[in-house]
Amino acid sequence: MSAVGKTTVAKSIAKKFNLTYYSGGDALKDLATKKGYDPGGVDWWDTQKGMDFLKERSRNHSFDKEVDKMLINKIKQGSVVITSYSLPWITNLGIKIWLKASPENRAKRMISRDKILYNQALNIIKKRDQKNKILYSNLYGINFGDDFSCFDFVISSDNLGSPSVKKIAQTIVTEFVK
């Protein structure tokens with residue numbers, strides 16, 4: 001889910017194991033650029049233009065399928081850590097870790113990261129969760145945010161700080177690469 005700490009954890013794993021970090025969101029931004037958008041900034045998805053792109057994306061499933069093919073090719077090349085909303089359900093490649101946190105805690109993370117008010121962050125979180133659930137259900141039949149059966153591990157971060165979540169995820173990866 002958004003603002004759960006995916007990027008923070010993924011980048012820490014990439015750094016620790018000398019891997020390349022690649023984001024599904026970055027790939028989507030590249031696609032948005034090709035479609036004439038200007039996806040600048042970390043919080044672009046939460047701007048009106050970002051929301052407009054997401055609306056267009058929801059009407060044209062080829063956007064996501066193109067990104068997913070690119071991401072699967074990256075995984076096949078190896079030595080990469082990828083954050084993606086859909087990949088865990090559509091490929092059996094790689095170690096799959098789901099980070100779980102309540103909308104309230106994710107909103108708290110968002111306010112410190114994006115310097116916005118709590119109510120604004122919570123509204124963004126809820127809106128994005130709903131849109132992602134609909135999108136991935138329509139696209140792949142995924143029960144996004146509720147079905148964790150494809151994951152190797154689920155880490156609940158509601159009661160853990162970022163250093164602890166990173167350490168747990170790095171320990172998991174260490175055990176897999178032995």
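Note that NZ of Lys166 is 8.5 Å distant from NZ of Lys15, once rounded to the nearest 0.5 Å. Distance check: Thr171 OG1 to Lys167 NZ gives 6.5 Å after rounding to the nearest 0.5 Å. Rounding to the nearest 0.5 Å places CG of Asp114 at 9.0 Å from CD of Gln120. To the nearest 0.5 angstrom, Leu99 atom CG is 9.0 Å from Phe151 atom CZ. How far OG1 of Thr8 is from CZ of Arg113: 8.5 Å, rounded to the nearest 0.5 Å.
Between Tyr140 and Ile90, the closest side-chain pair of non-hydrogen atoms falls below 4.5 Å. Under the 4.5 Å side-chain criterion, counting only non-hydrogen atoms from C-beta, Asp64 is in contact with Leu135. Contact annotation: the side chain of Phe17 approaches that of Thr174 to within less than 4.5 Å [non-hydrogen atoms, C-beta and beyond]. Looking only at side-chain heavy atoms (C-beta outward), Lys34 and Phe63 stay at 4.5 Å or farther from each other. By the 4.5 Å heavy-atom criterion applied to side chains, Leu28 and Phe53 are counted as neighbours. In this structure, the side chains of Ile82 and Val80 come closer than 4.5 Å at one or more pairs of heavy atoms. Annotation: side chain of Glu66 is not in contact with side chain of His61 (no heavy-atom distance under 4.5 Å). Residues Ile97 and Ile155 meet the side-chain proximity criterion, which asks for heavy atoms closer than 4.5 Å.
Residues Lys96 and Leu93 share a closest heavy-atom pair of CE-O, 3.8 Å. Smallest separation of non-hydrogen atoms from Pro39 and Ala32: CG-CB, 4.2 Å. Residues Ser86 and Asp68 come closest through the heavy atom pair OG-OD1, 2.8 Å. Between Ser2 and Asp129, the closest heavy-atom pair is OG-OD1, 4.0 Å. What you find for Gly25 and Ser23 is that their closest heavy atoms are N-OG, 2.9 Å.
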- Message: Pair Leu139, Lys65 - check side chain to side chain contact (heavy atoms under 4.5 Å, CB included), show working.
- Response: CA-CA 8 Å; Leu139 190 61; Lys65 291 189 178 197; 3.7 Å; yes
- Query: Checking side chain to side chain contact (heavy atoms under 4.5 Å, CB included) for the pair Ile172/Ile95: CA distance, chi angles, key distance, verdict?
  - Reply: CA-CA 9 Å; Ile172 290 168; Ile95 303 165; 4.2 Å; yes
- Message: Please evaluate residues Thr83 and Tyr21 with respect to the criterion side chain to side chain donor-acceptor pair (under 3.5 Å), reporting the C-alpha separation (whole Å), side-chain torsions for both, the decisive distance (0.1 Å), and the verdict.
- Response: CA-CA 8 Å; Thr83 56; Tyr21 167 73; 3.2 Å; yes
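Within the 3.5 Å criterion, the main-chain N or O of Leu160 finds no donor-acceptor partner in the side chain of Ser164. Of the possible donor and acceptor atoms, one in the side chain of Lys6 sits under 3.5 Å from a partner among the backbone N and O of Met1. In this structure a side-chain-to-backbone donor-acceptor pair under 3.5 Å is missing from Arg106 to Ile125.
When the side-chain hydrogen bond (donor to acceptor under 3.5 Å, both in side chains) test is applied to Asn132, no partner is found at least two apart in sequence or on another chain.
Follow the hydrophobic side-chain contacts under 4.5 Å out from Leu117 and you never reach Ile111; the two are in separate clusters. Hydrophobic clustering (side-chain heavy atoms under 4.5 Å, transitive across Ile, Leu, Val, Met, Phe, Trp, Tyr) keeps Met110 apart from Leu54. With hydrophobic clusters built from ILVMFWY side chains whose heavy atoms lie under 4.5 angstrom apart, Val67 shares a cluster with Trp44. Under the 4.5 Å side-chain heavy-atom criterion for grouping Ile, Leu, Val, Met, Phe, Trp and Tyr, Ile142 is connected to Ile72 within one hydrophobic cluster. By the criterion of side-chain heavy atoms lying less than 4.5 angstrom apart, applied directly or through intervening Ile, Leu, Val, Met, Phe, Trp or Tyr residues, Val165 is grouped together with Leu19 in one hydrophobic cluster.
Pairs of residues two or more places apart, or lying in two chains, that qualify as salt bridge (Lys or Arg N to Asp or Glu O under 4.0 Å) and include a residue from residues 134-162 are Lys133-Asp146. The side chain to side chain donor-acceptor pair (under 3.5 Å) pairs that include a residue from residues 69-82 number zero, where partners must be two or more places apart or lie in different chains.
Residues Arg109 and Ser157 have side chains that bring a donor and an acceptor to within less than 3.5 angstrom of each other. Judged by distance alone, the side chains of Tyr37 and Glu56 do bring a donor and an acceptor atom under 3.5 Å apart.
If you look at Trp98 and Phe144, their ring centroids are closer than 6.0 Å. Aromatic pair Phe148/Trp89: ring centres not closer than 6.0 Å.
Atom NZ of Lys100 sits in a sparse spot, with 12 or fewer heavy atoms from other residues, nucleotides or ligands closer than 6.0 Å.
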